[in-house]
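Okay, so here's the structure we're looking at.
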Amino acid sequence: MYGCSLHLLPRYEILMNSHRSPELPAYRCPLLLVVSVLVGMTSAHAQTAAPPAVAAGHSSRTTAIPGIPNVPDVVTVVPFYWKPNETDREKTKAVIPAEIDGHRSIFIVDIGCPPLMLNRTFLQPSPTGGIDTVTDANRIPDLIQENDRANFDKVHVQTVRIGTFNITVEDTTIGGPNNAYLGHEWGNFSWVFAPRLGNIGLSVLGQFETIIDYTHQRLVLIRLDKAGHRLVDVPAYTPKWSAPLMDLVRWNNAWRAWGIAVRPDHSLDTLTAANNTQPMMMDTGAPEDSDASLGYPFLSHFGVVGFNHRTHQFMLYR
């Protein structure tokens, strides 16, 4: 555990509108302001627009950030995507551009979602077990109901591209060669931030040190060795405190979530760790804290939070 000069962090109130400043940081990619319709995509459901198409040139900006080495194969930095006139609840989401087997759009970074969840409105299974774009010409029957995980289509995704990383999805819970779901989760992916192509969860992020920087509105991924050590020093994100990152069994024993122990009032005691006795799941996809999970208010309160599943650490940074 890292040394700590922090104190007991009490209950807090968050001004949701303070989450995203109207003055955009210099590292934000202006191309993200361009929202266009993905060619050929139509919806068979309630959504009225396709997910935004994000320019392929958007990638890591490590050279512009002091303390982050320009080693694009080892560390990548991805600014959050945003759109005009976001609601307060939409501002709670960590949304990034990413690419799934050539299908590029926006996704929610969701550590409360163990598998890779893809939107069946815009994607469908391919004849080879991968994913295809849904068009009027190639649409196949889809009888799956919303939030019907037991009957979701299961597919094999070859590569997820986030920033400068090409990532292989690590998921052994789905069965066979499959490593992702296609369905209509969360009200056909319309809950809080829509439209989008899916949610990126632990099966993608678990192999990295995953840093969610709410202060600077960016996701940072750092490659690790098998023991969980960084492959390069990243002085901009030096841990100052850590706690055990727990694997919590959830969803009828189907998946494991990431959690930490907190005080019974759901605050985190960073001075006397023994006071943290209540295991709680963490969920970057949740706009609110609840009795079941610690969401945006809890996590964003720290400014920057990190997760290393290989060393089983939840981290705060200098």
Side-chain angles (χ1 to χ4, degrees), residues 1-16 18-19 88-89 91-94 109-114 201-202 205-222 224 227-230 234-318:
M1 181 175 291
Y2 294 92
C4 176
S5 59
L6 299 180
H7 56 281
L8 176 64
L9 297 170
R11 282 287 191 180
Y12 44 83
E13 293 183 0
I14 296 289
L15 288 175
M16 306 299 275
S18 68
H19 174 63
D88 286 347
R89 290 171 70 84
K91 294 172 186 176
T92 69
K93 297 295 189 180
V109 178
D110 188 358
I111 67 166
C113 179
L202 307 187
L205 303 174
Q207 57 196 287
F208 308 106
E209 181 176 337
T210 298
I211 300 171
I212 299 177
D213 187 339
Y214 290 103
T215 301
H216 297 99
Q217 296 289 280
R218 59 196 181 208
L219 171 73
V220 180
L221 300 179
I222 304 172
L224 308 168
H229 303 125
R230 293 177 175 180
V234 184
Y237 293 98
T238 301
K240 64 181 177 182
W241 185 86
S242 70
L245 184 64
M246 303 175 175
D247 284 327
L248 303 179
V249 177
R250 293 291 186 271
W251 302 284
N252 297 320
N253 297 322
W255 293 315
R256 294 182 181 273
W258 289 352
I260 57 170
V262 294
R263 290 165 57 93
D265 64 356
H266 295 178
S267 63
L268 184 64
D269 193 334
T270 59
L271 185 60
T272 307
N275 291 332
N276 299 315
T277 59
Q278 179 69 41
M280 290 286 292
M281 168 183 158
M282 293 177 287
D283 187 357
T284 55
E288 300 164 348
D289 297 333
S290 70
D291 290 338
S293 65
L294 303 170
Y296 170 80
F298 177 87
L299 294 167
S300 66
H301 174 70
F302 300 110
V304 186
V305 294
F307 312 87
N308 186 330
H309 191 249
R310 291 187 178 176
T311 59
H312 293 279
Q313 288 179 298
F314 167 76
M315 292 168 287
L316 306 179
Y317 297 84
R318 298 187 194 281

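Each residue takes its place number in the sequence, starting with 1. For clarity, every value in this text was computed on a predicted model and none was experimentally measured. Any value given below was found using the heavy atoms of this structure, including those in side chains, with hydrogens, waters and symmetry copies removed.
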For Leu219 and Ile212, what are the C-alpha separation, side-chain angles and deciding distance, and is it a side-chain contact (heavy atoms from CB on, under 4.5 Å)?
-> CA-CA 5 Å; Leu219 171 73; Ile212 299 177; 4.2 Å; yes
Taking atom CE of Met281 and atom CH2 of Trp258, what is their separation to the nearest 0.5 Å?
-> 12.0 Å
Heavy atoms of Arg263 and Gln278 approach each other most closely as O-CB, 4.1 Å
Nearest-0.5 Å distance, CG of residue Asp269 to CG of residue Asn276 = 5.5 Å
Would you call Arg310 and Glu209 a side-chain contact if the rule is heavy atoms closer than 4.5 Å?
-> no
How long is the span from the OH atom in Tyr214 to the OG1 atom in Thr92, to the nearest 0.5 Å?
-> 8.0 Å
Report yes if some heavy atom in the side chain of Met282 is under 4.5 Å from a heavy atom in the side chain of Leu245; otherwise report no.
-> yes
Asp213 side-chain N/O to Arg218 backbone N/O, donor-acceptor pair under 3.5 Å = no
Between Thr277 and Pro279 the two heavy atoms that sit nearest each other are O-CD, 3.4 Å
What distance separates Phe307 CZ from Leu205 CG, expressed to the nearest 0.5 Å?
-> 9.5 Å
Smallest heavy-atom separation, Val304 atom then Leu316 atom, equals O-CD2, 3.9 Å
Quick one: SG on Cys113 to CG on Leu202, what's the gap to the nearest 0.5 Å?
-> 7.5 Å
Does Leu294 reach the side chain of Ile260, with side-chain heavy atoms less than 4.5 Å apart?
-> yes
Side-chain heavy-atom pair Met246, Met280 within 4.5 angstrom cut-off | no
Can His309 and Asp247 be counted as having a side-chain donor-acceptor contact under 3.5 angstrom?
-> yes
Check for a donor-acceptor pair, side chain of Asn308 on one end and backbone N or O of Gly228 on the other, with a separation under 3.5 Å.
-> yes
Run through Phe298, Tyr317, Phe314 and flag the one making a side chain to side chain contact (heavy atoms under 4.5 Å, CB included) with Val305.
-> Phe314
Minimal heavy-atom distance between Pro239 and Arg230, with the atoms involved, is CD-NH2, 4.0 Å
For Ser300 and Tyr296, indicate whether the former's side chain and the latter's backbone hold a donor-acceptor pair under 3.5 Å.
-> yes
Taking all non-hydrogen atoms of both residues, which atom of Leu299 and which atom of Thr284 are closest, and how far apart?
-> CD1-CG2, 3.8 Å
For the side chain of Thr238 and the backbone of Arg318, is there at least one donor-acceptor N/O pair under 3.5 Å apart?
-> no
How far does NE2 of His266 sit from OG of Ser293, to the nearest 0.5 angstrom?
-> 9.5 Å
